[in-house]
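Side-chain atoms are counted along with the backbone in the values below, which use heavy atoms only and exclude waters and symmetry mates.
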Amino acid sequence: MAQLMFETRASEFVELVRQNQVVVLAAETGAGKSTLGPLALLRAGLGGNKLIAVTQPRRPAAVNLAKWVSSLNGTPMGQEIGYQIGQDRRSGRNSRLVYLTEGILLNHLQSDPELRPYSIVVLDEIHERNVDQDLLLALIKRMLARRPDIKVVVMSATINVERFSAYFDGAPILQIAGRTYPVEIRYEWTDCAGLKASIEAVVEKTLEILRSGVSGDILVFLPDFASIETTI
């Protein structure tokens, strides 16, 4: 199983982070990079008495990952592991691992350019290359010389490892393979005009799969949070 594959590489990952200021991690979907990776850093004590921050491009991902990793850790949500999205915050004085949106970390950088409360910053899903991510990459790279004690992990499933390694002056690369289950992709060709029609097509396709009686889970890709809420 792919998650077990990550577990077999967890000690290697932790040691790379221990020995280097920046590490580039490329791990396929299902390898456990967003869950087992930060948890391994937490359990190894690399965070010390400061926070491990894991950024996510979208709010639902930050919340769901925090809940899942809390359950893996066997601790109540919002204690050792929590999240912060917008005005919604589930973390406290004893928190050591926090999932947060990229915008939240940018706000922290504005008020504290050295991110003094943090010992490790994990930039997840960095392949999306949106404006917030590019700003984070630039500001964090500038910060590294002022914070030689801070660690940075740049990771994604489809990251261009050589390019990001070069950007961070030859940072070491760790690549982890493996999905835990086969994935079947189904496309729906329509003449949709506008977001409403596209969402209706998504709903119909999803219902078609459900009615077919096949086993498994369904993953639908949508452009933004508003589209997700409307589809639900």
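Taking a 6.0 Å sphere around CZ of Arg142, one finds it holds 12 or fewer heavy atoms contributed by other residues, nucleotides or ligands. The number of heavy-atom neighbours closer than 6.0 Å to CG of Asn49, taken from other residues, nucleotides and ligands shown, is 12 or below. Enclosure of atom CZ in Arg146 by more than 12 non-hydrogen atoms of other residues, nucleotides or ligands within 6.0 angstrom is indicated. At most 12 non-hydrogen atoms from other residues, nucleotides or ligands lie less than 6.0 angstrom from NZ of Lys196. For Lys205, the NZ atom counts as densely surrounded, since its 6.0 Å shell holds more than 12 non-hydrogen atoms of other residues, nucleotides or ligands.
Side-chain atoms of Asn20 never come within 3.5 Å of backbone atoms of Val22 as a donor-acceptor pair (strictly under, hydrogens ignored).
Across all their heavy atoms, Tyr83 and Met77 have their closest contact at CD2-CE, 2.8 Å. Counting all heavy atoms, side chain and backbone alike, Leu222 lies closest to Ser227 at CD1-O, 4.0 Å. In plain terms, the two heavy atoms of His127 and Ser156 that are nearest each other are ND1-OG, 2.5 Å.
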Check the pair Ile176, Arg9 against side-chain contact (heavy atoms from CB on, under 4.5 Å), reporting the backbone distance first and the verdict last. CA-CA 8 Å; Ile176 300 176; Arg9 306 287 298 278; 4.0 Å; yes

Ile52 vs Leu42, side-chain contact (heavy atoms from CB on, under 4.5 Å): CA-CA, chis, key distance, verdict: CA-CA 8 Å; Ile52 300 172; Leu42 176 68; 4.2 Å; yes

Criterion side-chain contact (heavy atoms from CB on, under 4.5 Å) on Leu115 and Met143, from CA distance to verdict: CA-CA 9 Å; Leu115 293 178; Met143 175 196 67; 4.0 Å; yes

List the steps and the verdict of side-chain contact (heavy atoms from CB on, under 4.5 Å) for Val154 and Val152. CA-CA 7 Å; Val154 180; Val152 176; 4.1 Å; yes

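Looking only at side-chain heavy atoms (C-beta outward), Phe168 and Val23 stay at 4.5 Å or farther from each other.
Interatomic distance, CG of Leu72 versus CD1 of Ile81, reported as 8.0 Å (0.5 Å rounding). Between atom CG of residue Leu51 and atom CZ of residue Arg96 there is a gap of 6.5 Å, rounded to the nearest 0.5 Å. Note that CZ of Phe13 and CZ of Arg18 are 11.5 Å apart. Values are rounded to the nearest 0.5 Å. Asp132 contributes atom CG, which lies 6.5 Å from atom CG of Leu135 (distance to the nearest 0.5 angstrom).
Look at Arg58 and Glu102 and you find no salt bridge, because none of the NZ, NE, NH1 or NH2 atoms lies under 4.0 Å from a carboxylate O.
Side-chain atoms of Glu80 and Asn73 form a donor-acceptor pair, as typed in the model, at a separation below 3.5 Å. Between the side chains of Asp124 and Ser34, at least one donor-acceptor pair of N or O atoms lies under 3.5 Å.
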